[in-house]
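Structure first, then comments.
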Amino acid sequence: MKPYFITLEGVEGAGKSTQMKRISGWLAAQGHTVVESREPGGTHISEMIRDVVLHGDHPEMSAHTELMLIFAARAQHVHELIRPALDAGKTVLCDRFTDASYAYQGGGRGIPERDIATLEQMAQGDLRPDLTLLLDLPAKEGLARADGRGSEDRFETESLAFLDRARRAYLARAAGDPSRYVVIDAARSVTRVWRDIQDALEQRLK
Ligand code: TMP
């Protein structure tokens, strides 16, 4: 069975965690050996970097520090977990990947795309997801949903305008490569969203 690298993206509150479990279950039922992971994170080193990046106590972190830490975490994740899993024939399902850097550090913080692309090449070489499911939601609605959770990392306390730029950057990337991305309207019920995801998986993973 062909292993796939599948990523799930979207602004805060888009419902990624719930859908991750369903996607993983669906893939396993199709016969895939599934490795679930997340970014920033996924390995011991990358999870330690995640703590530094997300921790609400670091308001002084510069945009470039944030970007490079996220890519340091990613380089280790690709090296230690993603590539070995794909090489072993396993399907990797990842909660966020490099599209989030283009959205949040690019769209959100205003870092030029070419700088992100340089780090992308360094950390991943030619590795790109086979399929990216973008759970799209207006930033305002996402923030309202995320507010109810209680946790407040450095991104959850960002402004509505920041998250809106991140959302737009996601949508622009998706529009630029429809063969890789499927945009799903996440403002609907969990069941409706899942139905669209399942349709996308059935159509794209042949
Ligand atoms: P999450 O695990 O709740 O999705 O949170 C991860 C946060 O990190 C989220 O707010 C988006 C942010 N992030 C970036 O800014 N750039 C990235 O490349 C990644 C992977 C995540």
Side-chain angles (χ1 to χ4, degrees), residues 5-21 23-24 36-43 45-59 61-78 81-82 92-113 115-124 127-129 132-137 139-171 173-174 181 186:
F5 179 27
I6 302 166
T7 58
L8 194 56
E9 299 279 1
V11 293
E12 340 295 307
K16 287 184 294 105
S17 310
T18 311
Q19 301 297 346
M20 273 286 283
K21 293 194 198 85
I23 298 167
S24 176
E36 277 182 61
S37 198
R38 68 170 182 179
E39 287 219 342
T43 70
I45 292 171
S46 315
E47 290 287 336
M48 288 198 296
I49 298 173
R50 177 189 176 95
D51 284 345
V52 176
V53 174
L54 295 189
H55 208 289
D57 283 352
H58 306 311
M61 187 180 291
S62 84
H64 281 134
T65 304
E66 176 183 285
L67 176 76
M68 287 189 262
L69 282 172
I70 287 171
F71 269 98
R74 181 164 297 135
Q76 187 63 28
H77 192 206
V78 168
L81 188 143
I82 300 178
V92 177
L93 174 61
C94 197
D95 182 347
R96 298 194 188 279
F97 194 59
T98 309
D99 288 299
S101 302
Y102 283 102
Y104 287 77
Q105 283 66 52
R109 304 258 189 249
I111 293 179
E113 246 178 60
D115 293 344
I116 300 175
T118 301
L119 293 175
E120 178 178 36
Q121 191 57 34
M122 199 181 291
Q124 301 161 223
L127 177 72
R128 298 291 180 277
T132 296
L133 300 162
L134 173 57
L135 302 190
D136 178 53
L137 190 68
K140 196 171 180 185
E141 200 166 326
L143 261 189
R145 289 194 197 176
D147 264 355
R149 285 188 206 147
S151 78
E152 290 234 317
D153 66 37
R154 284 198 320 110
F155 294 97
E156 283 166 352
T157 53
E158 272 297 342
S159 66
L160 185 59
F162 173 94
L163 280 186
D164 190 54
R165 291 196 298 276
R167 178 200 186 198
R168 283 171 201 289
Y170 267 137
L171 287 172
R173 284 183 68 71
Y181 297 86

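In listed order, ligands and their atoms are each counted from 1. Computed from a predicted structure; not experimentally measured. Residue numbers start at 1 and run along the sequence shown.
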**For E39, the ligand 1 atoms whose distance to one of its heavy atoms is below 4.0 Å** = 20 (C)
**Request:** Please work out whether any backbone atom (N, CA, C, O) or any side-chain heavy atom from C-beta onward of R74 is under 4.0 Å from ligand 1, and answer side chain, backbone, both or neither.
**Result:** side chain
**Complete:** heavy-atom search around atom 19 (C) of ligand 1 in the protein gives A100 CB, 3.5 Å
**Prompt:** What closest approach, in Å, do L137 and E12 show between heavy atoms, and which atom pair accounts for it?
**Reply:** CD2-O, 4.4 Å
**Request:** Report the part of L54 (side chain from C-beta onward, or backbone N, CA, C, O) that has a heavy atom under 4.0 Å from ligand 1; answer both or neither where that applies.
**Result:** side chain
**Message:** In this structure, does ligand 1 have an atom that sits under 4.0 Å from one of the heavy atoms of K16?
**Reply:** yes
**Item:** atom 18 (O) of ligand 1: nearest protein contact (heavy atom, Å)
**Value:** S101 OG, 2.6 Å
**Request:** Please work out which of Q105, R38, E66, R50 has its closest non-hydrogen atom nearest to atom 14 (C) of ligand 1.
**Result:** Q105
**Request:** Over all heavy atoms of both residues, which pair between F71 and T98 is shortest? Give the atoms and the distance, please.
**Result:** CZ-CG2, 3.8 Å
**Prompt:** Is R145 paired with E141 through a side-chain N to carboxylate O contact shorter than 4.0 Å?
**Reply:** yes
**Prompt:** Should the proximity of P40 to ligand 1, defined as any heavy atom under 4.0 Å, be assigned to the side chain, the backbone, both, or neither?
**Reply:** both
**Message:** Suppose we measure from atom 4 (O) of ligand 1 to each protein heavy atom; which comes out shortest, and what is that distance?
**Reply:** R96 NE, 2.6 Å
**Message:** Does the plane of the ring in F155 sit parallel, tilted or perpendicular to the ring in F162? Use 30° and 60° as the thresholds.
**Reply:** tilted
**Prompt:** Charged N to carboxylate O below 4.0 Å: is that the case for E158 and R109?
**Reply:** yes
**Prompt:** So which of R173, R74, R128 actually passes salt bridge (Lys or Arg N to Asp or Glu O under 4.0 Å) with D99?
**Reply:** R173
**Message:** Go through it in stages, so that I can follow the logic: the residues are T43 and Q76, the test is side chain to side chain donor-acceptor pair (under 3.5 Å), and I'd like the CA-CA distance, side-chain angles, deciding distance and then a yes or no.
**Reply:** CA-CA 7 Å; T43 70; Q76 187 63 28; 5.1 Å; no
**Request:** Examine E12 against ligand 1 and note whether any of their N/O atoms are separated by less than 3.5 Å.
**Result:** yes
